[in-house]
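None of these values were measured; they are calculated from a predicted model.
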Amino acid sequence: MPRRVMRDVGEMACFLDLAQANGGMGKRWDDIGLGRYGLHNRNKVLAQTSDICESNSAGTYLGLVAFLENGNDIPKSEAGADRLARRIKPLLIAQGMPSFEKYQTYISPEGKSIAPVAVIYEHQFLAYQIGHRGKAGALDSERVLLYPSARFVTEPKLIALSDAGDRLGRLVSTDPALQERAMELGFRLRDADSGLTSVKLNDFLTRHQIPAPVTSTDDTRAVLPDLALLERMIETVGQCDPTGQAVTGQGEPVGTTEGSP
């Protein structure tokens, strides 16, 4: 039986516990049996992200870690945000700041050993598997999409600033060719009649023999802190230039998306 390429993670908190084991020193990938898969990595057990100062997904992952480490709650003050940011910093950058193109590293032949767990968007993984099946005739079973037990959901918006932009928005919503291309890139589409977002994508994936994403409806929905506090935490953790850091919007995704930016 082929390996499943999509599954839920039991507990995100357990993953973070590994990074804080041994008195805060953390477990190493080799400590938890990575060698059984022919790989060796003595780095700490962490989820690799893109540059936290520049990447929306990395900033959102910071928000997820902060939410869990703060007892499934968000900081309410600048002082609380500063304390929490300092506490979670080792969970995010103990291996140094990763490259901006984390997805390209992930899908490279060396990606499995460089970053056993990487933070990417759902649509990137789906597009990769669609392309892999098209080229190789099979799924890449060496890579698995994990959904955190606590996660964010996003619904990107197209804001028309001109008549041409308004026409583009209508085309994206109604043109079959554009919608087909969006699904080839792994995006979920909202059905104008039912309001559901996954039906068309699931049908598309089934036609291409790609397992459709199925996630629990009972999992914790994480909440991002106030935007100003989140930006403050990103600056603290990443030691960012305040004028150049990423701005992360409420509802941005980690693990699962309703169509990623």
Side-chain angles (χ1 to χ4, degrees), residues 1-50 52 57-58 61-62 64-65 68-69 88-99 101-151 186 205 209-216 218-220 253-257:
M1 180 179 295
R3 278 177 64 189
R4 292 169 57 196
V5 295
M6 301 177 196
R7 63 185 68 186
D8 277 339
V9 173
E11 285 293 339
M12 180 71 181
C14 293
F15 179 76
L16 296 178
D17 286 344
L18 291 172
Q20 301 177 90
N22 299 330
M25 297 297 293
K27 292 279 190 179
R28 307 286 166 167
W29 288 107
D30 283 354
D31 296 337
I32 62 172
L34 189 66
R36 289 179 295 178
Y37 304 96
L39 303 172
H40 294 282
N41 188 323
R42 290 294 301 164
N43 288 329
K44 285 182 63 174
V45 175
L46 294 174
Q48 289 279 5
T49 71
S50 303
I52 205 164
S57 61
Y61 182 69
L62 178 152
L64 172 61
V65 172
L68 294 171
E69 289 296 299
I88 66 174
K89 186 173 181 177
L91 300 176
L92 297 157
I93 62 169
Q95 294 176 189
M97 297 308 298
S99 63
E101 295 294 339
K102 178 52 58 185
Y103 170 70
Q104 296 300 326
T105 302
Y106 170 74
I107 65 173
S108 71
E110 301 80 16
K112 294 179 292 183
S113 57
I114 295 173
V117 174
V119 177
I120 65 171
Y121 289 113
E122 177 191 69
H123 79 88
Q124 291 177 310
F125 181 85
L126 294 178
Y128 169 74
Q129 290 290 4
I130 291 168
H132 193 276
R133 180 173 283 284
K135 294 176 182 177
L139 297 174
D140 179 358
S141 62
E142 296 298 311
R143 290 172 173 80
V144 178
L145 180 61
L146 301 173
Y147 288 93
S149 52
R151 54 184 176 262
L205 293 173
Q209 298 179 299
I210 308 290
V214 178
T215 59
S216 171
D218 297 329
D219 287 345
T220 301
V254 170
T256 185
T257 71

Seminar exercise, completed: Tightest non-hydrogen contact, residues M12 and P148, listed as SD-CB, 4.0 Å
Exercise. If you round to the nearest 0.5 Å, how far is CG of L146 from CZ of F15?
Worked result: 9.0 Å
For this session: Determine whether Y37 and E142 make a side-chain contact, defined as any pair of heavy atoms from C-beta on separated by less than 4.5 Å.
Result: no
Exercise. Which of parallel (below 30°), tilted (30 to 60°) and perpendicular (above 60°) describes Y121 and H123?
Worked result: parallel
Exercise. So, the side chain of R133 versus the backbone of I210: is there a donor-acceptor pair under 3.5 Å, distance only?
Worked result: no
Exercise. Considering residues at least two apart in sequence or located in another chain, which fulfil the side chain to side chain donor-acceptor pair (under 3.5 Å) criterion with D31?
Worked result: R42
Problem set entry | Min side-chain heavy-atom separation P213-L145 under 4.5 Å | no
Problem set entry | Heavy-atom closest pair, residues V45 and A19 | O-CB, 3.2 Å
Problem set entry | Separation between CD1 of I32 and NZ of K27, rounded to the nearest 0.5 Å | 9.0 Å
Problem set entry | OH on Y128 to CD1 on I107, rounded to 0.5 Å | 6.5 Å
Problem set entry | Which atom of Q124 lies closest to which atom of Y103, heavy atoms considered | O-OH, 3.5 Å
Exercise. Heavy atoms, side chains only, cut-off 4.5 Å: are E69 and L91 in contact?
Worked result: yes
Seminar exercise, completed: Minimal heavy-atom distance between L126 and G186, with the atoms involved, is CD1-O, 3.6 Å
Problem set entry | Atom pair OG1 (T105) and CD1 (I120), whose distance is rounded to the nearest 0.5 Å | 11.5 Å
Problem set entry | Sidechain-backbone polar pair: R36 side chain, G33 backbone, donor-acceptor under 3.5 Å | yes
Problem set entry | Residue pair Q48 / Y106, side-chain donor-acceptor N/O under 3.5 Å | no
Exercise. Under the 3.5 angstrom rule, does the side chain of H40 hit a backbone N or O of L34 as a donor-acceptor pair?
Worked result: no
For this session: Evaluate the side-chain proximity of V117 to W29: yes if any heavy-atom separation is below 4.5 Å, no if none is.
Result: yes
Exercise. Can you find a pair of side-chain heavy atoms, one from H132 and one from L139, that are under 4.5 Å apart?
Worked result: no
Exercise. Going from CG on L92 to CG on L46, what distance comes out if it is rounded to the nearest 0.5 angstrom?
Worked result: 8.0 Å
Exercise. How far does CZ of R28 sit from CG of N41, to the nearest 0.5 angstrom?
Worked result: 9.5 Å
Problem set entry | Closest approach of A58 to I52 (non-hydrogen atoms, all atoms of both residues) | CB-CA, 3.7 Å
